[in-house]
Amino acid sequence: MSAVTIAPVKGMNDLLPAEAPRWQFLERVTRELLHAYGYDEMRVPVVEHTDLFKRAIGEYTDVVEKEMYSFTDKGGEALTLRPEATAGMVRAVISNGMLRGARHKLWCVGPMFRHEKPQKGRFRQFHQIDVEAIGFAGPDIDAELIALTAAFWRRLGIGRVTLHLNSLGTAEARRAYREHLTGYLRAHRGDLDEDSLRRLEGNPLRILDSKNPAMQALIAGAPSLPEHLDAESRAHFVELQAMLQALGIGFELNPRLVRGLDYYSRTVFEWTTEALGAQDAVCSGGRYDGLVTQLGGEATPAIGFAMGMERVVALLEQGAAAPPAVAADVFLVAQGEAAARAMLPLAEALRGALPGRRIEANLGGGNFKAQFRRADRSGAPLALVLGEDELTRGVAQLKPLREGAGAPQEISLATAATAVARWFDDQPCGVGEQRP
RNA sequence: GUGGACGUAGCUCAGUGGUAGAGCCCCGGGUUGUGGUCCCGGCCGUCGUGGGUUCGAUCCCCAUCGUCCACCCCA
């Protein structure tokens, strides 16, 4: 009479122990790198008022129009599971009165939610590393921020990513350009495909991004964004490129790079890879000088980016650097009731005396064969055998489990911790090496 | 939301119009207290679900759900 099993929610994945080390590696690199660049961690809620996202991301974007997990809570409030992090981060900076002339370099990691149809590299719950520099007009911060993303790839050992760069200009310049573009597109309305027709009024810049080959000729003939940049944005963009060159960071100018989120202005960038199929954007971001005001704060320039952790982890999997499997350091085995009872306190003592070492006690009984099998599978290089006879004499057997790791020796229970510590000290490096 | 492929043991997969198998995993044994190799044995499935065709379906047909991939969108 087994009950019907409950399936996981579509597009939401379990992270199993086997995959955890890669995530931990990515998280560790993230912490260290952002620390090194002067960024501080901040944590914001996963749920926000729906209006926040409508105002920040734009009502007519796909994300807001059809991908948000929105609901009304018991108090009747319209809430949404965050589809991205920037809106919440900016909201938090405003809510907490952090603006007043101060500048902030902030980061945050966590789950985001978008109701999309899952496929390779795309999930309904996914995770982003989100980095925001608020109160900096650039272009120096733009360059530093992009250098930071490049450092990520270096530290993670990820190659085969390319940087695409563009400038959208100020909101005003963009508006003017948009007029030009819609004019041009309206004149060629007959050549537009279905998607493009839909975008024509709502978000015409996105048409430039179309992958439809039939649209390419039309797009090629369209008024180009770079030519309509305002003078200041152009200077900003030119300077940014010079700085990137000085940093030795290669990039491709991509005049058709338009972000799907409305809040971007001036610098936009995106790192793509060819290794992940259709979902090729691995990190993207840009400047959002107007967003703070849009959300009710005093005018403050800002720039940020988001990195898709699932996609980065997938890239990590393809690389050579497989993290070592997690292994125990010591496995305790006991024969007989009295020994089994003495084992737990001994394990506690060892854990207390040897912080950082993984000490596993055999749980659930079993004969020696079974217990040693477990010891072997735990990956421990060392077993500590508590037998009935030894127990009465106050000793235990220290038994190396791996080839060439020495012979078993008898040790006193009273000084077990020092004996274990010494055993590890005597090993050639690699055996039971402690991770930082 | 649209399209395509695929759903058989925990995992990877064979297979047949007469209600199923392999390998791995797991458990036990190979001298009373010593693992990893080897040998022997054992456990495991409503063949995704519902309906139809048929004397009979895991196999054929339809629907449905799920997974994956692509479009779209984006990290």
Side-chain angles (χ1 to χ4, degrees), chain A residues 1-2 4-5 7-11 13 16 18 57 61-68 82-86 109-131 149 161 193-196 198-199 203 206 209-213 257-261 269-273 276-286 304-315 331 333-336 339 362 364 366-391 397-403 405 408:
Chain A
M1 41 120 265
S2 63
V4 178
T5 57
V9 177
K10 188 202 260 293
N13 304 122
L16 303 180
I57 301 172
T61 57
D62 282 25
V63 169
V64 169
E65 269 183 342
K66 45 195 186 195
E67 294 173 2
M68 294 211 298
R82 64 178 181 199
E84 59 100 53
T86 302
V109 211
M112 309 295 154
F113 302 85
R114 259 120 100 155
H115 191 98
E116 296 188 273
K117 194 150 169 181
Q119 75 184 62
K120 190 182 179 73
R122 193 170 76 182
F123 312 100
R124 263 106 94 157
Q125 176 178 329
F126 60 101
H127 298 78
Q128 287 186 340
I129 296 161
D130 186 73
V131 179
T149 59
V161 284
D193 64 9
E194 204 181 315
D195 285 325
S196 301
R198 187 167 46 76
R199 292 183 189 130
N203 197 348
R206 302 247 53 221
D209 231 0
S210 172
K211 282 187 200 165
N212 184 351
L257 177 64
V258 175
R259 315 277 35 257
L261 278 35
F269 64 95
E270 181 168 287
W271 287 92
T272 61
T273 173
L276 294 182
Q279 308 305 312
D280 61 355
V282 111
C283 166
S284 63
F305 70 83
M307 200 176 275
M309 296 177 80
E310 280 81 359
R311 293 180 188 179
V312 174
V313 168
L315 250 22
F331 196 97
V333 151
Q335 181 70 5
N362 177 72
N367 57 25
F368 261 28
K369 185 183 175 96
Q371 294 197 42
F372 273 98
R373 196 163 35 223
R374 289 175 193 147
D376 187 53
R377 280 172 201 166
S378 76
L382 192 62
L384 205 51
V385 188
L386 273 172
E388 285 173 317
D389 299 345
E390 289 93 331
L391 191 62
Q397 189 191 61
L398 197 68
K399 182 183 171 168
L401 294 172
R402 306 302 158 200
E403 212 62 51

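Here is how names work: the chains are called A, B, and so on, in the same order as the sequence lines, proteins then strands, and each is numbered from 1.
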In whole Å, measure the gap between the [atom1] atoms of [N] and [M] for me.
N	M	atom1	value
rC61(B)	rC27(B)	P	42 Å
rC11(B)	rC68(B)	P	14 Å
rU64(B)	rA70(B)	C1'	23 Å
rC38(B)	rC62(B)	P	47 Å
rG23(B)	rC47(B)	P	22 Å
rU8(B)	rG4(B)	C1'	22 Å
rG28(B)	rC43(B)	P	15 Å
rU67(B)	rA22(B)	C1'	24 Å

Inset, instruction - Specify the closest pair of heavy atoms between N362(A) and F331(A), including all atoms of both residues, with the distance to one decimal. - result: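 Reported closest heavy-atom pair: CB-CE2, 3.7 Å.
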Legend entry - Heavy-atom closest pair, residues F269(A) and G286(A):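 Of all heavy-atom pairs spanning F269(A) and G286(A), the closest is CE2-N, 3.9 Å.
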Expressed in angstrom and rounded to an integer, what is the separation of [X] atom [atom1] from [N] atom [atom2]?
X	N	atom1	atom2	answer
K117(A)	rC65(B)	NZ	C1'	13 Å
Q335(A)	rU32(B)	CD	P	10 Å
E67(A)	rC72(B)	CD	P	14 Å
Q279(A)	rA70(B)	CD	P	7 Å
L276(A)	rC68(B)	CG	P	15 Å
L398(A)	rU34(B)	CG	P	18 Å
I57(A)	rA75(B)	CD1	P	9 Å
L382(A)	rG36(B)	CG	P	18 Å

Measure from the side-chain N and O atoms of [X] to the backbone N and O of [Y], and report whether any donor-acceptor pair falls under 3.5 Å.
X	Y	result
R124(A)	N13(A)	no
E270(A)	S284(A)	no
R311(A)	G121(A)	yes
R114(A)	M68(A)	no
Q335(A)	E388(A)	no
E310(A)	H127(A)	yes

From [options], nucleotide with atom closest to [X] side chain:
X	options	answer
K369(A)	rC68(B), rA75(B), rG35(B)	rG35(B)
R377(A)	rC27(B), rG33(B), rU34(B)	rC27(B)
R311(A)	rA75(B), rU34(B), rG35(B)	rA75(B)
E116(A)	rA75(B), rG28(B), rA70(B)	rA75(B)
R122(A)	rC27(B), rG30(B), rA75(B)	rA75(B)
F126(A)	rC69(B), rA75(B), rG33(B)	rA75(B)
S284(A)	rA75(B), rG29(B), rG35(B)	rA75(B)
F368(A)	rU34(B), rG35(B), rC68(B)	rU34(B)
R373(A)	rU34(B), rC27(B), rG33(B)	rC27(B)

Inset, instruction - Could you say whether H115(A) or E390(A) is positioned toward the 5' end of RNA chain B, judged by the nucleotide with the nearest heavy atom to each? - result: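 Its nucleotide being nearer the 5' end, the pick is H115(A).
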Legend entry - Nearest-nucleotide 5' precedence on RNA chain B, G366(A) against Q119(A):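 So the residue in question is G366(A).
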Legend entry - Donor-acceptor pair under 3.5 Å, Q397(A) side chain vs rU34(B) base: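 Under the 3.5 Å cut-off, the side chain and the base do form a donor-acceptor pair.
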Legend entry - Quiz item: D376(A) side-chain donor-acceptor pair to rG36(B) base, under 3.5 Å: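 Absent.
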Legend entry - rG1(B) - base-pair partner by Watson-Crick or wobble geometry, distances under 3.5 Å: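 Answer to the pairing question: rC71(B), which forms a Watson-Crick or G-U pair with rG1(B).
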Inset, instruction - Once you apply the 3.5 Å cut-off to both distances, tell me the Watson-Crick or G-U wobble partner of rA63(B), or none. - result: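 Its partner is rU49(B).
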Please classify the nucleic acid contact of [X] as base, sugar-phosphate, or nothing, using heavy-atom distances under 4.0 Å.
X	result
F123(A)	base
D280(A)	base
A375(A)	nothing
G336(A)	nothing

Inset, instruction - May I ask you to evaluate whether N362(A) reaches the phosphate of rG35(B), defined as a side-chain N or O under 4.0 Å from OP1 or OP2? - result: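 For N362(A), the contact criterion (side-chain N or O under 4.0 Å from OP1 or OP2 of rG35(B)) is not met.
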